[in-house]
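Reviewing the structure listed below.
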Amino acid sequence: PQELLMHLGRLQRSGVHQEYEELRKEPPPGTFHCAQAAYNQERNRYGDVLCLDQTRVPVLFPQRSDYINASFMDGYKQKNAYIGTQGPLERTYGDFWRMVWEQNVLVIVMTTRTDEGGRRKCGQYWPLEEGGQEVYGHMAVVNQRVDHHTHYNHTILELHNTETCEQRQVSHFQYLSWPDYGVPTSAVTLIDFLVAVKRQQRKMVKALGLQWTGHPLGPPMVVHCSAGIGRTGTFCALDICLSQLQDVGSLNVCQTVRRMRTQRAFSIQTPDQYYFCYNAILEHAQRQGLLPANQ
Ligand code: PTR
Ligand code: PTR
């Protein structure tokens, strides 16, 4: 791995940008019929950020349309490790929570603030205050506790299905230092965030024990930003590459992003977000002692 990492460390920003531009030219390998249907228009936050029919997450028991702007994405050696989705709109809060329930989601990762630069990027789709409670369609959500960290908040939510009277716990992680179309202020703090998210997912899967009969790594994690492509794609690509590096000592950013874009179209929005993946991997490798610090 050291040789590979040294090689990555020698790559020029311009070469990496070029690689991204090549990827960007590859058209999405599917159709967008459902996302484009007239009656689903109001369910997309951005008219130009649609999801592929082939990988979209259907709402299983919809109130009206089964369409939500959300896509299954594979992780490292894990099918459907993530659901990449847009920041919920007020009119889709009910669908969002129903999807979380139906897909048995334990962890929600939010990499945006609700408002940035005076513009709404994502709805306030969960009760913000400790002890607060809100009802979204058939789901009631209670905020049990908020832990504030320097760069992120971790909120424990209790989800009540008012139709079946069952309840479950869901962890909500919000990263606070990442503007859209930008890159995080620090790779180290984003990786610390990623590690905290993964630790919580493992802990929750383990606590469920035999009740969780699906994949040993657990149900999909919901990952969203505003459009659910730029920051969401960067976060997932980084997770996949670091998992592969840890497992087999190699990684391939280009292949990872290419594959991801076939599942969540348009994942990673800027050359700098793509370059950030490389840099974050290198910073992580230095911290792990896999690379000399002067690289
Ligand atoms: N049409 C929107 C725009 O032009 O800004 C689409 C968009 C918004 C695309 C945000 C990506 C965005 O970033 P992210 O996926 O990180 O929220
Ligand atoms: N508002 C987004 C943008 O201008 O980047 C909308 C958009 C999304 C445009 C995806 C193009 C997109 O495709 P690609 O990332 O493949 O160029």
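Please read all numbers here as calculations on a predicted model, not as lab measurements. Whatever order the structure lists ligands and atoms in, that order sets their numbers, starting from 1.
- Within ligand 1, the atoms closer than 4.0 Å to a non-hydrogen atom of S226 are 17 (O), numbered from 1 in the order shown.
- In summary, the atoms of ligand 1 found under 4.0 Å from a heavy atom of G230, numbered by their order in the structure, are 14 (P), 15 (O), 16 (O).
- Tested against H172, the residues Y125, Y152, W97 include a single ring pair (Phe, Tyr, Trp, His ring centres under 6.0 Å) partner, Y125.
- Residue V49 has at least one heavy-atom neighbour below 4.0 Å for each of these atoms of ligand 1: 6 (C).
- With ligand atoms numbered from 1 in the order given, ligand 1 contributes 14 (P), 15 (O), 16 (O), 17 (O) to contacts under 4.0 Å with heavy atoms of C225.
- Residue contact check for ligand 1: I229 places a non-hydrogen atom closer than 4.0 Å to it.
- Look at T232 and you'll find every heavy atom at least 4.0 Å from all atoms of ligand 1.
- Nearest to atom 4 (O) of ligand 1 by heavy atom, out of F266, Y181, F235, is Y181.
- Residues satisfying the ring pair (Phe, Tyr, Trp, His ring centres under 6.0 Å) criterion with Y93, sequence neighbours excluded, are Y136.
- Applying the salt bridge (Lys or Arg N to Asp or Glu O under 4.0 Å) test to residues at least two apart or on different chains, the pairs with a partner in residues 233-252 are K77-D247, K198-D239.
- The environment of R64 atom CZ is sparse: at most 12 non-hydrogen atoms of other residues, nucleotides or ligands sit within 6.0 angstrom.
- In terms of N/O distances under 3.5 Å, ligand 1 is not approached by Y46.
- In this structure, the ring of H149 has its center no less than 6.0 angstrom from the ring center of Y175.
- Annotation for M139 and L159: closest pair CB-CD1, 4.1 Å, computed over non-hydrogen atoms.
- In this structure, the side chain of D74 engages the main chain of N80 through a donor-acceptor pair within 3.5 Å.
- Taking distance alone, with nitrogen or oxygen atoms compared against 3.5 Å, R231 approaches ligand 1 more closely than that limit.
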